[in-house]
Amino acid sequence: MATKHEQILDYIETLAVGEKISVRRIAKDLHVSEGTAYRAIKEAETKRLVSTIERVGTIRIERKKKENIERLTYAEIVNIVDGQVLGGRAGLHKSLTKFVIGAMQLDDMMRYTEAGNLLIVGNRVKAHEYALQAGAAVLVTGGFDASDAVKKLADEFELPIISTSYDTFTVATMINRAIYDQLIKKEILLIEDILIPLENTDVLHFKEPISKYNDLNQATSHGGFPVVDESGKLVGIITSRDVIGHASSEAIEKVMTKDPITVSMQTSVAAAGHRMIWEGIDLLPVTDDHGKLKGIISRQDVLKAIQTAQRQPQQGETIDDIIKSQLRLQSGDKLAMEFRVTPQMTNAYGSISYGAYTTILAEAGTTALKTRNRKDSVLENMAVYFLKPIQHDSVMLVKPVILDMSRKSAKVDIEVSFENEIVGKALLTFQLLDR
């Protein structure tokens, strides 16, 4: 049976997009405490099912698919620009296709403004009216108000008109940044992206006999299966190693591995892969916050997802990407790399930050291993035992040396020099991934 928390989330998902939600209403309709309702609404906000806007309240919004994550809703725009909704609240749940900056003549402006757009403009009443009539929402910059006629029009067309104290350039920059951040999120593979769902998963009940495991094992050739109780809660996992030497009539609960390692839907694929390699396991159950089984992932699923992601075109750069872009292989030496320290990689004293430095070391080690055996690798441990301050605009020489390599792990010593003087030393340990 679903918990009250789960019931509230299921209820919120059934509400129409654009409908207002309140703690008091949820508590009354579902006969739960206001505290329980509040916590569930906050989780719904994290899952992007609802959006909370100051002076407006919480509204149900359309949950974005992964491929459309770069499209923002008007409700999210309000939060990004710290805006105030002047009219058209019923349309806050809608997504915008693009934004148009109104810094031109009115007729020219309208040629670029279409349905589903957001017109960013100052105190120009006619532009407000024409944009709404064209099916676009309006963001008024400079802290200006809108006329009563425009507010009435916004309510009639269910298109938001929003006011912000920021100027047009700042607002455009903020929205661009938000879209950019979401593109980066889009590229981070999560367990929910590769999950084998529960309906496609072979599951055993803890009261069933070992013979049931043997039948499934023979039919599917899978070595392990998750084990659940009557409520669907994960209680263990059973593999071929667990049943060796036991009679087929024995109950699964007697031989299964209890309290197995699990991951959640929001765990990154990279983190799950590292855990599976470190623990030496081939199957990971996926559970929710209450321990209920949602599905499984295998080591093959994780490796395939990581390799596929590496072949995808990059759409949004992270800080790591910016740092890695400065690393260049030196001609004549396959493993030596040059690196230029840019101002954004420095700390308050003008020397390279520790975070940027460790990213360089990890990338240099990974590159060296890939050059040697063409295997992917995951950093396991790093010991930085010497580092001198390195000023911005310095060009460092990074030399990784592979000290030891086995089938599953490798040790890499890295020496960093500047103008023929050693300025850094580190020892890194990697786990190697089989393709």
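Worth knowing before you read on, the calculation uses all heavy atoms, side chains too, and leaves out hydrogens, waters and symmetry mates.
Under a cut-off of 6.0 angstrom, the local environment of OH in Y38 is sparse, with at most 12 non-hydrogen atoms contributed by other residues, nucleotides or ligands. Heavy atoms of other residues, nucleotides or ligands lying less than 6.0 angstrom from NZ of K151 number more than 12. Residue-environment remark: NZ (K94) exceeds the threshold of 12 foreign heavy atoms within 6.0 Å.
Smallest separation of non-hydrogen atoms from A336 and K399: CB-CG, 4.0 Å. Between V384 and L387, the shortest heavy-atom contact is CG1-CB, 4.4 Å. Annotation for F339 and I360: closest pair CE2-CD1, 3.1 Å, computed over non-hydrogen atoms. Across all their heavy atoms, P209 and S249 have their closest contact at CB-O, 4.0 Å. Between P400 and A364, the closest heavy-atom pair is CG-O, 3.8 Å. The two residues L284 and A272 have their closest heavy-atom pair at CD1-O, 4.1 Å.
E230 has no carboxylate O lying under 4.0 Å from a charged side-chain N of K207, or vice versa, which leaves the two without a salt bridge. Of the charged side-chain nitrogens involved, at least one lies within less than 4.0 Å of a carboxylate oxygen, so that E415 and K425 count as a salt-bridged pair. Salt-bridge annotation for E380 and K408: absent, with no side-chain N of the basic residue lying under 4.0 Å from a carboxylate O of the acidic one. We find that K233 and D229 are not joined by a salt bridge, their nearest charged nitrogen and carboxylate oxygen being 4.0 Å or further apart.
With a 4.5 Å cut-off on side-chain heavy atoms, L293 and V203 count as touching. Between E43 and I8, every side-chain heavy-atom pair lies at or beyond the 4.5 Å cut-off. With a 4.5 Å cut-off on side-chain heavy atoms, N381 and F430 do not count as touching. Residues I414 and V398 have side chains in contact (heavy-atom distance under 4.5 Å, counting atoms from C-beta outward). For the pair L283/I237, a side-chain contact is recorded, criterion being any heavy-atom separation below 4.5 Å from C-beta on. Using a 4.5 Å cut-off on side-chain heavy atoms (C-beta onward), M405 and L432 make contact. Contact check for L379 versus L428: side-chain heavy atoms found under the 4.5 Å cut-off. In this structure the side chain of I390 reaches within 4.5 angstrom of the side chain of M396, judged on heavy atoms.
Put simply, OG1 on T287 and CG on L198 are 11.5 Å apart, with the number rounded to the nearest 0.5 Å. Between atom CD1 of residue I175 and atom CD1 of residue I77 there is a gap of 4.0 Å, rounded to the nearest 0.5 Å. Atoms CE and CD1, from M265 and I191 in turn, are 9.5 Å apart once rounded to the nearest 0.5 Å. If you take OG1 on T367 and NZ on K370, they are separated by 8.5 Å, rounding to the nearest 0.5 Å. Here the CD1 atom belonging to I21 is positioned 7.0 Å from the CZ atom belonging to R60, to the nearest 0.5 angstrom. K294 NZ to T262 OG1: the interatomic distance, rounded to the nearest 0.5 Å, is 13.5 Å.
Side-chain atoms of Q391 and S394 include no donor-acceptor pair closer than 3.5 Å. Remark: the S211 side chain and the N214 side chain contain no N/O donor-acceptor pair separated by less than 3.5 Å.
Between the N79 side chain and the E76 main chain, no donor and acceptor come within less than 3.5 Å of each other. Of the possible donor and acceptor atoms, one in the side chain of T164 sits under 3.5 Å from a partner among the backbone N and O of V81. The main-chain N or O of Y166 is never found under 3.5 Å from a side-chain atom of T170 such that the two would form a donor-acceptor pair. At least one donor-acceptor pair closer than 3.5 Å links the side chain of T358 to the backbone N or O of G355. With hydrogens and angles disregarded, a donor-acceptor distance shorter than 3.5 Å links the side chain of D155 to the backbone of G88. Under a 3.5 Å cut-off, the side chain of D288 and the backbone N or O of H290 do form a donor-acceptor pair.
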Next item on the list: Please report the C-alpha distance between T36 and L30 in whole Å, then the side-chain angles of each, then the deciding distance to 0.1 Å, and finally whether the side chain to side chain contact (heavy atoms under 4.5 Å, CB included) criterion is met.
Entry: CA-CA 10 Å; T36 301; L30 298 183; over 6 Å; no
Next item on the list: I would like to know whether T239 and T257 meet side chain to side chain contact (heavy atoms under 4.5 Å, CB included); could you show each step before the answer?
Entry: CA-CA 8 Å; T239 67; T257 302; 5.7 Å; no
Next item on the list: Could you check V243 against Y213 for side chain to side chain contact (heavy atoms under 4.5 Å, CB included), going step by step and ending with a plain yes or no?
Entry: CA-CA 9 Å; V243 302; Y213 165 83; 3.9 Å; yes
Notebook entry, point to check: After noting the C-alpha distance and the side-chain angles of L361 and V416, does the key distance pass the side chain to side chain contact (heavy atoms under 4.5 Å, CB included) rule?
Noted result: CA-CA 9 Å; L361 297 177; V416 182; 4.0 Å; yes
